[in-house]
Each structure stands twice: as C-alpha cells, then as structure tokens.
K.L.:
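Before anything else, here's the structure in question.
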Amino acid sequence: MSTAIQHDRSDLFIGGEFVAADSTARLHAINPATEERIGSIPDANERDIDRAVAAARAALPGWRRAGGAARSAILARVAEGIAARAEELKDLLLLQNGAPRWWRDQDVTITQMLYRQASMGAGQLEDETLVEAPNGGKTLLQREPIGVVAAISPWNAPQALLAMKVANALAAGCTVVAKPSPETSLDCYLLAEILRDAGVPSGVFNVVTGGPATGAALVAHPGIAKVSFTGSTASGKAVARECANTLKPLIAELGGKSAAVLLDDADVELFLSSIQREGLPFSGQACFCNARIIVPRKMQDEVVAGVIATLQSFRFGDPSDDETIMGPLVSARQKERVEGYIRSGLEEGAVLALGGNTPTGFDKGYYVAPTVFTGVTADMKIFREEIFGPVFTVSAYDTEEEAVMLHDATDFGLSGSVYSRDLARATEFSRKLSTGQLLINGQRGAPNALRDFYKQSAFGGGVDRIGGFLLTKGITQPIGDVKMKTIFG
Ligand code: NAD
C-alpha cells in the first residue's frame with residue numbers, strides 16, 4: 001500500500017499518518033549535481049514538535065507491552081521493506097546528496113543489516129532477571145525502555161545513520177521522533193511508509209523535518225527522554241549544552257579527522273587500493289575517512305605519486321553515472337567550506353600537489369577537484385580540522401614516536417588505519433594510537449565488534465546499542481523482618 005513520493009512536501013509523519021505541518025515555512029532541496037530545485041520540506045515549528053512528541057508518548061505503553069518477540073518480527077519486516085524499496089530510496093538519495101552509486105548501495109545495504117540486527121536483538125531481550133543477595137533477599141531487575149527518543153541525523157549516509165538510532169531504539173521498546181537532515185529528508189518520508197507498511201504501530205515512529213532550530217527545539221522538548229545525535233562536533237556541543245539544561249542523556253557520534261599511517265614496510269599498492277573506500281569516500285564526506293596520510297619521509301615521494309595517480313584514475317563527475325567514483329559535494333555551503341580550507345592550506349604554506357580548484361566543465365553543481373596537499377604540519381588548520389571534502393593532507397615523519405604524535409595531534413579519535421606487512425608490528429603500533437577504531441591494512445570493520453569513538457568524535461560512547469535505550473529498575477522483595485536485615489544478612 002505504498003504511495004508515490006511527492007517531492008514537494010507540506011506534511012509530516014505523525015501518529016502513523018502524513019498530516020499537514022502547522023509550520024508554513026519551507027526548506028528547498030537542491031540537486032547537488034545540477035543545482036536544480038527538486039522539492040521542499042516543512043521547516044517544522046514547536047507546535048509540530050509538540051504533536052510528534054505527544055504521539056510518540058501515547059504510543060509508548062503499547063509498544064513496550066508488545067514485547068521483544070513482536071517488535072523483532074516487525075523490525076524484520078522493516079528490513080524486508082527496505083530491500084523491496086531499495087531502488088526508490090537510492091534514487092531519492094542520488095537527487096538529494098549526489099552520492100555515487102557505490103555509496104548509495106552501501107548506505108541502503110547497511111540499513112537493511114541494521115534493522116535485521118535490531119530484530120535479532122529485540123528477540124533476545126530479557127525483560128527481567130532475578131538477583132539473589134547473600135541474605136537470601138531477591139531483587140527483580142527489570143529493563144524498561146527509556147521513553148521517547150529524539151533521533152537527529154546528517155545527510156552523508158542518511159538511511160544507515162538514522163537506522164542505527166531508530167532500529168535500536170524501537171527494538172528496546174522506545175518510540176521515536178526522527179529529525180533528518182534538511183538536505184536528505186525526502187527519503188525519510190519513504191522510510192516512514194516502509195515502517196508503517198511493516199506494521200510499526202501509529203505513533204511509534206514519527207518524522208519532523210527542518211533545520212538546526214527544529215533539531216534544537218526537539219532536543220529541548222520535555223517529553224524527550226533521550227537524544228541520539230549524529231553530526232558535526234560543533235553541533236554536537238550545542239546539543240550537549242541543551243541536554244545539560246534538563247540532564248537528558250545524549251549519545252552523539254560526531255566529526256572525525258582520521259589518518260592512515262604507513263609504517264616503513266607498508267604495502268603501498270594495498271594502501272592505494274583503499275583510497276576509494278577509506279581515503280576520500282563520497283568525496284571525503286564521511287566521518288571515518290582517512291583524510292590525513294602519515295608516511296615515512298623516505299617513502300613520501302612514492303606515496304604522493306601513487307595517491308595522485310589513483311585519484312586521477314577515478315571516474316569523476318555525474319553521480320547518476322553508475323561508474324562514477326567521486327561526484328559533487330552536497331551543497332553550495334559545503335563547497336564554500338572546502339574551498340575555504342584549500343585557501344587556508346595555501347596561506348599556511350602547505351604545497352598543493354593536485355587539484356585545489358573547480359575542475360573544468362563543472363561550473364554547474366558543487367564540484368571540487370580531488371586535492372592533495374604535501375608538507376602539511378601538525379599546526380596547520382587543514383591538518384587539525386575536519387574538512388569533509390576531497391582533500392588529502394600528506395605529512396612525513398622520521399621516527400615512529402613522531403608518527404604517533406602526528407596521528408594524535410587532533411581533537412578527534414574516530415577511526416584510522418595502519419599499514420604494515422608485519423601484522424604484529426601493526427597491532428602493537430595501533431595500541432599506541434588515540435582513536436576508537438583501527439583498521440590494519442584497510443581491513444573493513446566487523447559490525448559486531450562494537451567499539452567507542454574517542455575524544456571529540458563522540459559523547460556518551462558514540463555508538464547506538466539496544467542497551468543504550470534501556471533503563472534498569474531494581475525491585476527488592478522483603479524477606480523476614482525488614483527492619484533488622486542488612487543486605488549481608
Ligand atoms: P550537522 O551537525 O550540521 O547536522 C547534523 C544534524 O543535526 C542535522 O539534522 C541538523 O539539522 C541537526 N542540527 C544541527 N544543529 C543542531 C542543534 N543545535 N540542535 C539539534 N540539531 C541540530 O552535520 P552535517 O553537516 O549534517 O553532517 C556532517 C557531520 O556529521 C560531519 O562532521 C561528520 O563527521 C559527522 N558525521 C559523524 C558520523 C559518526 O558516526 N561519527 C557519521 C556521519 C557524519
């Protein structure tokens with residue numbers, strides 16, 4: 001019972017229905033490859049948020065009572081629904097964030113996996129355990145959903161990043177008000193249809209669209225019990241400040257400035273083969289991308305030549321061409337931001353080895369050429385700050401201690417890679433680095449090996465898990481003479 005998606009939306013998904021937004025303000029969606037307007041979404045106001053939170057609160061007792069097995073079955077159907085409508089989702093992603101085919105495929109595949117995993121988790125949830133104290137007293141430990149969750153997500157992998165929040169929160173028995181990024185909200189309407197059609201009861205999942213002010217009002221709403229946020233570190237700090245006002249728990253996945261460190265026995269070809277997926281994936285618009293390359297001085301020329309040749313070999317341009325590896329940036333704002341960093345690199349004395357401009361023939365669309373800076377030192381802005389664009393910095397080191405110092409010289413600690421032919425050496429070196437995830441020789445991360453993100457890349461652990469949406473209540477039952485007993489008898 002799906003309906004065709006309209007690109008001009010004046011509605012929000014609240015209480016299981018698409019209802020007219022109270023707000024008449026609209027935000028426009030622009031195709032980043034062509035700069036054409038493709039639609040619009042409501043910039044939801046506080047009355048819209050009130051309605052969505054009220055619907056989520058009303059749905060909470062029923063969703064909790066439904067139990068883990070029923071929630072598991074529904075989440076499994078959501079995964080099936082995503083598979084059935086995968087191409088529609090990917091078409092909307094292409095129009096909104098200009099992601100190349102391979103990145104869109106990955107976003108939707110991971111999304112299905114996350115709903116499947118959450119379905120399994122919900123099926124295995126134990127609501128109660130009985131703990132016995134040394135005095136024979138019994139305490140019933142009851143796990144309860146924390147309440148209504150605000151799920152706020154960015155545009156770069158919009159479906160998967162929202163799924164991490166929504167799938168786990170729903171599995172735990174929470175209800176959700178989602179606030180997707182204004183750049184990618186149209187696909188969230190389709191997601192709402194998929195959840196509704198999979199049997200998610202009315203009010204359990206709601207969508208309010210809008211920009212940062214809508215997000216901030218949602219975070220501040222007294223009916224929200226927990227906030228799950230993914231976005232930039234700057235926005236994360238604003239969200240954390242708002243959460244502090246009401247002491248709402250927050251889990252935030254934030255920015256990154258990850259690095260690939262090549263040790264002096266690294267397989268350079270292997271490293272070069274990782275650039276598409278880990279170096280500058282989606283034109284560097286990925287939180288985990290290894291935008292810094294840290295390399296032994298004696299290998300620098302070979303590595304830089306290889307990086308340039310690899311970037312030049314990528315099909316660059318129109319993301320609707322399935323062979324494209326690097327397309328446009330998401331927005332005019334993002335292009336300006338990246339160009340600002342390129343100017344700053346030049347001003348601070350880094351050497352431009354490739355790109356740094358709008359490539360010829362790409363005057364329409366938000367394109368920036370793949371760019372490589374060499375001679376980048378730890379005090380430069382392009383080394384320390386997240387650019388979120390197709391810009392590599394290359395820094396040379398003489399000793400491994402210096403490599404560790406360079407690696408750790410940012411406020412971020414999200415991800416990173418170490419390249420060496422000697423697995424034991426790479427593992428020992430990885431132990432010294434201040435980051436939450438290290439991929440040796442570009443090995444993909446195992447989705448079930450849950451790790452934290454370090455430093456300003458996260459707050460509250462930074463990885464959504466079902467347990468993060470549960471609270472534990474202890475109900476201790478009296479034995480004998482309550483007044484005389486201590487817990488030890
Ligand atoms: P952003 O911080 O501008 O926006 C993210 C979301 O937060 C959007 O929905 C936005 O409307 C909302 N928002 C912004 N300010 C807010 C506020 N004060 N209160 C409530 N909501 C607010 O980020 P973006 O440009 O959409 O995404 C790119 C950023 O996200 C990068 O920094 C990237 O590293 C980060 N990111 C991190 C991860 C991760 O897992 N750590 C994954 C993807 C993206």
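Just follow the structure's listing: the first ligand is 1, and inside any ligand the first atom is 1. What's counted below: heavy atoms across the whole structure, side chains too, no hydrogens, waters or symmetry copies. Predicted, not measured: the structure shown is a model, and the values here were computed from it.
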K.L.:
What residue and heavy atom of the protein are closest to atom 21 (N) of ligand 1, and at what distance?
P.N.:
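The closest heavy atom on the protein side is G215 CA, 3.5 Å.
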K.L.:
Are any of the side-chain nitrogens in R85 or E193 under 4.0 Å away from the carboxylate oxygens of its partner?
P.N.:
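The answer is yes: the pair qualifies as a salt bridge.
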K.L.:
For L161, counting its heavy atoms only, list the atoms of ligand 1 lying under 4.0 Å from any of them.
P.N.:
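Taking each heavy atom of L161 in turn, ligand 1 has 42 (C), 43 (C) under 4.0 Å.
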K.L.:
Check ligand 1 against L414 and write out every atom of the ligand that is under 4.0 Å from a heavy-atom position of the residue.
P.N.:
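In order of numbering, the contacting atoms are 41 (N).
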K.L.:
Say whether F229 and ligand 1 are in contact under the criterion: heavy-atom distance to a ligand atom below 4.0 Å.
P.N.:
yes
K.L.:
For P180, counting its heavy atoms only, list the atoms of ligand 1 lying under 4.0 Å from any of them.
P.N.:
9 (O)
K.L.:
With heavy atoms under 4.0 Å as the rule, classify the contact between V239 and ligand 1 as side chain, backbone, both or neither.
P.N.:
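Side chain only.
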K.L.:
With heavy atoms only and a cut-off of under 4.0 Å, state how P212 meets ligand 1: side chain, backbone, both or neither.
P.N.:
both
K.L.:
Between G210, S153, S181, which one has a non-hydrogen atom sitting closest to atom 6 (C) of ligand 1?
P.N.:
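Heavy atom nearest to atom 6 (C) of ligand 1 belongs to S153.
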K.L.:
Which is it for Q285 and ligand 1 at heavy atoms under 4.0 Å: side chain, backbone, both or neither?
P.N.:
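Looking at Q285 and ligand 1, no heavy atom falls under 4.0 Å.
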K.L.:
Kindly indicate whether a cation-pi arrangement holds for R9 with F18, taking the cut-offs as under 6.0 Å to the six-membered ring centre and within 45° of the axis.
P.N.:
yes
K.L.:
I need the atoms of ligand 1 closer than 4.0 Å to a non-hydrogen atom of P182, numbered in the order shown.
P.N.:
11 (O)
K.L.:
With a 6.0 Å cut-off (strictly less than), is the heavy-atom count around CZ of F459, excluding the residue itself, greater than 12?
P.N.:
no
K.L.:
Determine whether the side chain, the backbone, both or neither of N156 has a heavy atom under 4.0 Å from any heavy atom of ligand 1.
P.N.:
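Near ligand 1, N156 shows its side chain, while the N, CA, C and O stay back.
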K.L.:
State plainly whether the residues D11 and R51 are in salt-bridge range, i.e. N to O under 4.0 Å.
P.N.:
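Result for this pair is no, no salt bridge flagged.
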K.L.:
Given that the side chain starts at C-beta and the backbone is N, CA, C, O, which of these parts of T214 lies under 4.0 Å from ligand 1, counting heavy atoms, or is it both or neither?
P.N.:
neither
K.L.:
What's the separation between atom CG in D464 and atom CZ in F229, rounded to the nearest 0.5 Å?
P.N.:
12.0 Å
